[in-house]
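To start, the structure under review is shown below, and the notes come after it.
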Amino acid sequence: MSHLTTAGAPRSAPEGFSPGGGWGRLGLGVPGYAHPLLAPAEWAGLTRPGAPLHWVVLNVAGGPGDRPDPHCLAAAGRLNNAGVRVLGHLDLAHGERPFGEVITDAQRYLEWYRVGGFLLDRAPVERAALAAVRRTTATLEAVLEGGFLVLGHGSHPYPGYAEAADQLVTFSGPWTEYRWSQAAPWTADHPPERFAHFVHGVPRTRLERAIRIARWQGAGTVFFTDRTDRTDRLGGGTGRIGGRADRVGGPGRPLGGPDRPESQKVRIGPYETLPGYWDEIVSRIGPGVSE
């Protein structure tokens, strides 16, 4: 991670950024596929040569879990060996989660899965919470010794958060809202590498428009999918973003049985499965594609 700056000081571009290429182009951030046992095709596709991946989030069980998971160990190892940055999923619960719990989860991720950074999901957006978030990110930077931090706000936060992490998720939601969205004016003071957008329910026929919106609004990392919230194949209804509460990402859970009550059926988040047009996304924004 780039060194955290004092309030008001300009922040350098993320580690690995080079003007005119690599981080200088639009790329993909994967906010959290389901467990490798439930989404083997998704995890296998992430090591595809030439895929424009900026990072991939590993969410074992709403965090690192209580013990190392052999399937997640193998998936993280394959990505690390392929040179893909793996981020651990940490839930800030809109600033309500105790500091010690967050740091304990971070240390488990580092020890068990050798992650290269973290997505801090459900990050608060208010100015009043900034000091606490800066304390957390400064501690994580020290633990990581050069990793990458993403604050998963899901909407535009108070501008000071731009100095607390390498990247901010400033939109996470459905295409019906994204198509009319606008970037906050203060984001124009920062390069695209500082912002990420996650959009679900994007029709294939609107994929090119979604890419143009991201570029116009100054986002350097995106994840677009035609998937939407749903319950398991045995039930109906819809779930919230990420398949669990209102988190940016979300882990996979075992599917419910036919006799399971409707209230206990599993909700699958839109970002937990492979987009129906994954190959098209990779070809459209992959290396060498002109801006």
Side-chain angles (χ1 to χ4, degrees), residues 14 23 25-34 39 41-48 50-59 79 84-89 117-123 148 150-155 166-179 181 183 192-204 206-230 239-244 246-252 268-287 289:
W23 260 96
R25 296 185 182 277
L26 191 66
L28 297 170
V30 179
Y33 280 154
E42 283 80 351
W43 286 96
L46 295 176
T47 55
R48 167 181 169 175
L53 289 172
H54 287 168
W55 43 260
V56 174
V57 174
L58 177 67
N59 190 348
L79 290 172
V84 177
R85 189 192 301 270
V86 179
L87 305 182
H89 177 277
F118 298 101
L119 168 68
L120 285 75
D121 202 359
R122 297 202 295 173
F148 191 76
V150 180
L151 284 174
H153 304 285
S155 61
D166 292 293
Q167 195 173 60
L168 311 180
V169 180
T170 53
F171 185 93
S172 182
W175 165 249
T176 52
E177 295 179 9
Y178 189 64
R179 62 188 298 188
S181 66
E193 294 74 34
R194 305 300 312 285
F195 304 106
H197 291 172
F198 302 150
V199 190
H200 60 82
V202 182
R204 183 186 296 270
R206 295 293 183 265
L207 181 57
E208 186 59 40
R209 182 179 174 187
I211 292 172
R212 289 200 302 269
I213 291 173
R215 288 173 171 157
W216 179 258
Q217 293 193 12
T221 301
V222 298
F223 188 83
F224 298 136
T225 180
D226 51 345
R227 312 304 187 190
T228 57
D229 291 319
R230 67 187 192 279
R240 290 175 134 189
I241 184 168
R244 178 177 292 205
D246 57 350
R247 300 178 185 179
V248 171
I268 308 298
Y271 307 129
E272 295 189 40
T273 57
L274 194 69
Y277 39 59
W278 175 254
D279 289 342
E280 187 172 348
I281 294 177
V282 170
S283 67
R284 287 189 182 220
I285 67 175
V289 176

- Using 30° and 60° as the class limits, which term best fits the ring planes of F171 and Y178: parallel, tilted or perpendicular?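 It falls in the tilted class, 30° to 60°.
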
- What is the ring orientation for Y271 with H200, classed by angle as parallel under 30°, tilted 30 to 60°, or perpendicular over 60°?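 Geometry flag for H200 against Y271: perpendicular rings.
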
Which heavy-atom pair separates [X] from [Y] by the least distance, and what is that distance?
X: W278; Y: G45; answer: NE1-O, 4.2 Å
X: P52; Y: V282; answer: CD-CG1, 3.9 Å
X: V202; Y: Y277; answer: O-OH, 2.6 Å
X: F223; Y: P31; answer: CG-CD, 3.6 Å
X: F195; Y: G218; answer: CD1-O, 3.6 Å
X: H54; Y: G220; answer: CE1-O, 3.2 Å

[X]: partners by side-chain hydrogen bond (donor to acceptor under 3.5 Å, both in side chains), with sequence neighbours left out:
X: T170; result: H197
X: R209; result: none
X: T47; result: none

- Message: Using the rule side-chain contact (heavy atoms from CB on, under 4.5 Å), only one of V57, V30, L79, L46 pairs with V86; which is it?
- Response: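 That would be L79; it is the only one of V57, V30, L79, L46 passing the side-chain contact (heavy atoms from CB on, under 4.5 Å) with V86.
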
Kindly indicate whether the side chain of [X], heavy atoms from C-beta on, has any atom under 4.5 Å from the side chain of [Y].
X: F118; Y: L151; answer: no
X: L53; Y: R85; answer: no
X: L28; Y: V222; answer: yes
X: L26; Y: I211; answer: yes
X: F224; Y: P275; answer: no
X: R204; Y: D226; answer: no
X: T225; Y: F198; answer: no
X: V84; Y: W55; answer: no

- Query: Between the side chains of E42 and T273, is a donor N or O closer than 3.5 angstrom to an acceptor N or O?
  - Reply: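 On atom types as modelled, these side chains do not qualify, holding no pair under 3.5 Å.
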
- Given the rule in the side-chain contact (heavy atoms from CB on, under 4.5 Å) test, do Q167 and T221 qualify, once you have shown the distances and angles that lead to the verdict? CA-CA 9 Å; Q167 195 173 60; T221 301; 2.9 Å; yes

- Q217 side chain vs S181 backbone, donor-acceptor pair below 3.5 Å: yes

- Check against side-chain contact (heavy atoms from CB on, under 4.5 Å), W43 and Y33: CA-CA 7 Å; W43 286 96; Y33 280 154; 3.7 Å; yes

Rounded to the nearest 0.5 Å, how far does [atom2] of [Y] lie from [atom1] of [X]?
X: R25; Y: I285; atom1: CZ; atom2: CD1; answer: 11.5 Å
X: L168; Y: R194; atom1: CG; atom2: CZ; answer: 6.0 Å
X: L274; Y: I281; atom1: CG; atom2: CD1; answer: 8.5 Å
X: L119; Y: F148; atom1: CG; atom2: CZ; answer: 10.5 Å

